[in-house]
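One structure is given here, and the rest of the page talks about it.
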Amino acid sequence: MGEERELVLENVRILDPESGYVSNNGLLVIKNNIIKDFGNKGSVELSKDVNSIDCKGRTVMPGLIDAHLHVTGQRSGKIEESLVTPLGVFYARAVKDLEALINAGFTTVVDAGSLIALHLRDAVNENTIVGPRIVASGLPLSMTFGHADTHYMPVEYVDYRTSKKLTPFMSLICDGTDECRKATRYAMREGADFIKVMATGGVLSQRDKPEHRQFTYEELKAIVDEAQAANRWVHAHAQGTEGILNSLRAGVKVIAHAIYINEEASEEAKKRNAVVVPTLSIVQRLIDDGEKLGVPEWGLKKSKEVYEQHLNAIRLAYKMGVKIATGTDFDGGIGKMGTNAMELRLFVEKIGMPPLEAIRAATINAASAAGLDGKVGSMRKGALADLIVINGDPTEDINTLVKVDNIEYVIKDGKVVKKPSS
């Protein structure tokens, strides 16, 4: 077989989030699955035989990345949903959720805890189903009575290793450094791209609070050591200050939620080049729609308690120069897949980011959280050709990215997976 014909995006407005560079009436050339070249018309060398798309002056930029979600096929916030719904139904729903994500311009997602996502990752990779590139943790690690220990259910329903009831939110329960090392190894045995840990309590765990420290520093250090030995990283659910600091000092790369991040923790995050993924969208959804979706009263109460604290903490971290990335914590029930660009809007409206900074959070910074620095989320020669063509200018109005109809073309791995219907 001969080489694949180059794909050329013509008459396109090129937006490079990293530099802020914009090229009107530009050209972008894709060869195989990478960005070969881009720039002003006349400065880019073209092959004789190409496939061309006239983009009619639309904006092209890297595909969006959600650096913290859960592909589970949930459809509510009710506790009983995972107990009464067959696992196959969750898989079928999750396939549709992946389609919604890619059509909304999300070409990569980081799944921070879901066995379903772990398996669907492989189905996406073999082109059996259509969806974004999935970077998956699979089974999260939790201490006994931790955030992922669903303690109102029998423990053999919770821990995957003893499970008698397969549900979307199974985990690995471990206590002490030896158990934590073994659980880390087990998660990787199941195919984890990275390790997800619960370093604090949370909003949607009944009897703890976000500020409660869970895994100890020594336990986190053991988990990080095992992950790094296998060239993986650790992504921590860390809402309280002590848990955030323990995680960072133990070498955790990604801090999710960060409700109580303060100056000390922000300095630590900067020093270690960690990525903070605030997931403002999930708390907003809990406030706006939680009661209607059947979220328990204790979850609604804690959401209201932390709302302003969360926003103030992330404003502080942003002001201090912490690397912040987009992530929604959506699972399909509390947070409909395909509406994930809500996080960019909240960054602009609630945190005070200029639109270009929010776009960087959803591309360059989120790529770092996904372990794909420079490979996705970048407008660079040699980067993977994960791109979206948008009707409008998101640097002027971030809501351009929120409205899915504005995402006219989605290109993933050099292939067009969405194009205008007419």
Would you check if there is a donor-acceptor pair between the side chains of N11 and K56 at a distance under 3.5 Å? no
Any luck finding a side-chain donor-acceptor pair between D208 and S205 under 3.5 Å? yes
d(Q74 CD, D97 CG) to nearest 0.5 Å is 10.0 Å
Answer yes if the side chains of D66 and T328 hold a donor-acceptor pair under 3.5 Å, and no otherwise. yes
Mind checking the CD1-OG1 spacing from I259 to T200? Nearest 0.5 Å is all I need. 7.5 Å
Determine whether K196 and L139 make a side-chain contact, defined as any pair of heavy atoms from C-beta on separated by less than 4.5 Å. no
Inspect the contact between K302 and E305 and indicate whether a charged nitrogen and a carboxylate oxygen are less than 4.0 angstrom apart. no
With salt bridge (Lys or Arg N to Asp or Glu O under 4.0 Å) as the criterion, how do K221 and E218 come out once you've worked through the C-alpha distance, each side chain's angles and the decisive distance to 0.1 Å? CA-CA 5 Å; K221 187 70 175 171; E218 290 77 16; over 6 Å; no
Would R121 and D193 pass as an ion pair if we require N to O under 4.0 Å? yes
Would you call the rings of H237 and H147 parallel, tilted or perpendicular, taking 30° and 60° as the class edges? parallel
Only one of R133, K375, K412 passes salt bridge (charged side-chain N to carboxylate O under 4.0 Å, His left out) with D386; say which it is. R133
Checking the side chain of T279 only, and the main-chain atoms of I282 only, is there a donor and an acceptor separated by less than 3.5 Å? no
Are H310 and Y260 close enough that a side-chain donor and a side-chain acceptor fall under 3.5 Å? no
So does K301 pair up with E297, basic N to acidic O under 4.0 Å? no
Does the pair I223 and L141 meet the rule for a side-chain contact (heavy atoms from CB on, under 4.5 Å), with working shown? CA-CA 9 Å; I223 294 165; L141 276 59; 3.9 Å; yes
What's the verdict on salt bridge (Lys or Arg N to Asp or Glu O under 4.0 Å) for E267 and R249, showing C-alpha distance, side-chain angles and the deciding distance? CA-CA 12 Å; E267 288 291 355; R249 290 167 179 164; over 6 Å; no
Taking every non-hydrogen atom, the tightest pair across S303 and V283: O-CG1, 4.0 Å
Would you say the side-chain atoms of S368 and D373 include a donor-acceptor pair closer than 3.5 Å? yes
I134 and L98: CA distance, side-chain angles, deciding distance, side-chain contact (heavy atoms from CB on, under 4.5 Å) verdict: CA-CA 10 Å; I134 301 173; L98 292 176; 3.9 Å; yes
Can you tell me how far the CG atom of L248 sits from the NZ atom of K270, to the nearest 0.5 Å? 13.0 Å
Would you kindly say whether D149 and T144 are connected by a side-chain donor-acceptor distance under 3.5 Å? no
Run the side-chain contact (heavy atoms from CB on, under 4.5 Å) test on V276 and K323 for me, step by step, so that the C-alpha distance in whole Å, both residues' side-chain angles and the decisive distance to 0.1 Å come before the verdict. CA-CA 6 Å; V276 170; K323 185 187 291 186; over 6 Å; no
Evaluate E18 against R380 for salt bridge (Lys or Arg N to Asp or Glu O under 4.0 Å), listing each step before the verdict. CA-CA 9 Å; E18 189 169 7; R380 297 180 184 177; 3.1 Å; yes
Evaluation steps, side-chain contact (heavy atoms from CB on, under 4.5 Å), between L101 and V109: CA-CA 9 Å; L101 282 162; V109 298; 4.2 Å; yes
Working for salt bridge (Lys or Arg N to Asp or Glu O under 4.0 Å), residues K419 and E408: CA-CA 6 Å; K419 59 184 179 181; E408 296 196 347; over 6 Å; no
How many angstroms lie between CZ in F38 and CG in L387, if you round to the nearest 0.5 Å? 10.0 Å
Passing candidate, side-chain contact (heavy atoms from CB on, under 4.5 Å) with L9, options I14, D54, L28: L28
To the closest 0.5 Å, what do you measure between CG (L27) and CG (N40)? 9.0 Å
Rounded to the nearest 0.5 Å, the CG atom of N391 sits from the CD1 atom of I407 at a distance of 9.5 Å
Could you tell me whether H235 and H68 have their ring centroids closer than 6.0 angstrom? yes
Among side-chain atoms of N32 and E6, is any donor-acceptor pair under 3.5 angstrom? no
Got a salt bridge between K304 and E291, using NZ or NE/NH1/NH2 to carboxylate O under 4.0 Å? no
